[in-house]
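Sequence lines set the chain letters: A, B, ... in the order given, protein chains first and strands last, and positions in each chain run from 1.
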Number of protein chains: 2
Amino acid sequence: MASASPSPTLRRVTLKDVARALKISPATVSNAYNRPDQLSPSLRARVLETAQTLGYSGPDPLASSLRRGRSGVVGLLYDATLSYAFADPAASLFLGGVARAVEAQALNLLLIPSPQDTAPVRTASVDGFIVYSASDGSELLPAVMGRGLPVVLVDQTPLPGAAYIGIDDAGGARQAARHLLDLGHTTIGILSLELGWPHRHGPVTPERETQLTYRTTATRLSAYREEIGTQATLHVMEAHGNTPQEGALMTLELLEAHPEITALLCMSDVLAQGVLEAARQLGLQVPHDLSVVGYDDIPSSAALGLSSVHQPTAHKGELAGRALLELLGGETTPQHVTLPTHLVARSSSGKRRDTGP
Amino acid sequence: MASASPSPTLRRVTLKDVARALKISPATVSNAYNRPDQLSPSLRARVLETAQTLGYSGPDPLASSLRRGRSGVVGLLYDATLSYAFADPAASLFLGGVARAVEAQALNLLLIPSPQDTAPVRTASVDGFIVYSASDGSELLPAVMGRGLPVVLVDQTPLPGAAYIGIDDAGGARQAARHLLDLGHTTIGILSLELGWPHRHGPVTPERETQLTYRTTATRLSAYREEIGTQATLHVMEAHGNTPQEGALMTLELLEAHPEITALLCMSDVLAQGVLEAARQLGLQVPHDLSVVGYDDIPSSAALGLSSVHQPTAHKGELAGRALLELLGGETTPQHVTLPTHLVARSSSGKRRDTGP
DNA sequence: TTGTAAGCGTTATCAG
DNA sequence: CTGATAACGCTTACAA
């Protein structure tokens, strides 16, 4: 019936093939897909039909993106492997917020794993970037900014030309510290997130602090310290990875080294949940023997009675998404937003235990 | 010093501009980026340098993808909005597994929100798809298969030509049901996930069951029923959305309608955690007054003592990713894998309470 | 309403 | 080691 089957399966069917089969111009076929109002319904129907029989499934996205100059994709960079991001409830919450914002505009979200190599940043087909808590010295930032695309920075040092969405890290940290002070604690442990690259586990030395390049960590740490001043003795441990296991391990080590500690400030709820687990193993009563305050207030913390600094994580994501959408829409003044944090006191924090005989 | 500034900011800098500035061919500039070994180091250095000064940040990803015929992106479809996906720990775990597999190959992950519209499926620049628990009748499947790209189906009815990764849904459900039967329960409630589109909340009627198009739901439901047979009375409720809130609400409604219920089978741990919350509100002791068994065994369930059917969620994601990588690598026989499930009995399930004097 | 033609920014091939 | 050239598959003024 028809004329050709140029080569069995060698070449894929293109818009041109459809045009040829119908003896019309490629432009018309393109219009059939992208501007239905530009051609008669009957012709359009025929086009779609032969496309079907020829096995043509619509314009190639790559080609049309190239031609149009937009890919319809938002790139999301996280300063860790993706598998790690998904393991952190706070990160998931954030991603969910971003997703809500971008899917409202029919944009897709491209997750870019960004451990050390910047290649993925340079070769990702996206219209803009959202960068989530990258370390300050990271080579990622120059690579991202170098692409010349709209950028939103989240939870990290603002950069000129990029939008910024962050939270009041210091305020939250101060509230947490004040809370423990008010409860009478005078020897407090701090379970810190990573200070900088390379990631490391263990007690924080002054030397290690010179490598403090994560802005969130830096801000919280100094806020804890400032608030506490000389009212309590502090012992700081650095986590290698934001996991409950790490939190538990740090607790064991810290309490072994400093049994006089009666309270722990944790920079994430994930770490704090590990503390709870460790306390159970050690037979310590929370909060009687050990008070614990987390950070983030992830959903599961409520059920566990974990005191924590609440931050609007999902909302932060949504704002980040919206900030990028604005930039994409031609807005030239990048947003700069700081969201509030507040302490939620639950049952994991209480009066200091009697340390006497 | 240099000669030109062709137009202030009008056109973006391309590879050709760099070539022109150096009076060499575009091919050489391309090689400078993609095949360093194809040109002298000195020339390459000059190329990179002028690129820098011209503000050229490397080959356009879109263009090179078009030319190469590969985008380096894996598309991930989820039968719900993305924001919803991120709210479900099991989904996050799964995504994390997929991420681990694809990031090992330096591929990126494109999250495609797929509520009802198939447009995003047709216009996504990807090399292959992973489809996660889509409803059987969904228009998504034809749209995906129509693209003619490698496809991996997860937790849904297998399709010819696509790889399949799933779990032993029925086995897990049977173990859960058997467990409750062994504990003496004779009136059991089932908190079911969605049966089909449109999503609905409430008691499941025979009429509603005709719309049962989610394979996972269907399989678990019939397995629960088969195992229980006539050994207990069953009451089934359908959740509108997989959230703890919904689980709590269903519990309230179900126990109000059928106070004689002493045990609940939940199709997800997220729902089951809502049950725990509702029980607390109602002043019911778990498991004394009410036994609860979930499904998925998400990480937070251990700390809550929730009995659950364990499935290797993250591993499932990793296998799905790997199955797609194989297909991408030219493998022509799609994998077909079913992973095991098993009951983990914890403290949320116990002997049936004495019902009355 | 439909066709023409000129790219979009790259890379692969092949000759020099 | 370097360069010309021809695609890759599509969209969009603009002309007919």
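- One can place OH of A:Y33 at 16 Å from P of D:dT12, the figure rounded to the nearest angstrom.
- Judged by distance alone with a 3.5 Å cut-off, no donor-acceptor contact links the side chain of B:R67 to the base of C:dT10.
- For A:N31 and C:dT2, the shortest distance from a side-chain N or O to OP1 or OP2 is not below 4.0 Å.
- Comparing A:N34 and B:P41 by the nucleotide of DNA chain D that holds the closest heavy atom to each, the one mapping nearer the 5' end is B:P41.
- Within the nucleic acid shown, B:I24 comes within 4.0 Å of sugar-phosphate atoms alone, with no base atom in reach, counting heavy atoms only.
- Between the CG atom of B:D17 and the P atom of C:dC8 there is a distance of 10 Å, given to the nearest Å.
- Distance CG (B:L39) to C1' (C:dT11): 14 Å, rounded to an integer number of Å.
- In terms of polar N and O atoms assigned as donor or acceptor, the side chain of B:R68 never comes within less than 3.5 Å of the base of C:dA12 in a complementary pairing.
- Among the heavy atoms of the strands lying under 4.0 Å from A:L66 is at least one base atom, whether or not backbone atoms are also near.
- Distance from the side chain of A:S40 is smallest to C:dT1 among D:dT12, C:dT1, D:dT11.
- Residues B:D155 and B:K316 are in side-chain contact: their nearest non-hydrogen atoms beyond the backbone lie under 4.5 Å apart.
- In this structure, CG of A:L22 is placed 15 Å from C1' of C:dT1, rounded to the nearest angstrom.
- For the pair A:R20 CZ and C:dT4 P, the computed distance is 13 Å after rounding to whole Å.
- Atom CZ in B:R122 sits roughly 20 Å away from atom P in D:dG9 (whole-Å rounding).
- Heavy-atom neighbours of A:Q38 CD from other residues, nucleotides or ligands within 6.0 Å: above the threshold of 12.
- The distance between atom CG of A:D60 and atom C1' of D:dC8, rounded to the nearest whole Å, is 9 Å.
- Counting only heavy atoms from C-beta outward, the side chains of A:L111 and A:Y78 never approach each other to under 4.5 Å.
- Residue B:S25 has its side chain nearest to D:dG3 when only C:dA6, C:dT10, D:dG3 are considered.
- At least one side-chain nitrogen or oxygen of B:R35 sits closer than 4.0 Å to the OP1 or OP2 atom of C:dA12.
- Within the 4.0 Å cut-off from OP1 or OP2 of C:dA12, not a single side-chain nitrogen or oxygen of B:S30 is found.
- Between B:E326 and B:R322 there is no salt bridge, since none of the side-chain N atoms of the basic residue sits less than 4.0 Å from a carboxylate O of the acidic one.
- In this structure, B:S125 and B:V73 have side chains that are not in contact, with every pair of non-hydrogen atoms separated by 4.5 Å or more.
- Between the CD atom of B:Q38 and the C1' atom of D:dG3 there is a distance of 13 Å, rounded to whole Å.
- For the OP1/OP2 pair of D:dC10 and a distance below 4.0 Å, the side-chain nitrogens and oxygens of A:Y56 include at least one atom meeting the criterion.
- Within 6.0 Å of CZ on B:R70 lie no more than 12 heavy atoms contributed by other residues, nucleotides or ligands.
- Residue contacts shown for B:L43 are limited to sugar-phosphate atoms, with no base heavy atom under 4.0 Å away.
- Listed nucleotides C:dA12, D:dT11, D:dG9 differ in distance to A:P26; the shortest reach to its side chain belongs to D:dT11.
- Under 4.0 angstrom from either OP1 or OP2 of C:dG3 there lies at least one side-chain N or O belonging to A:T28.
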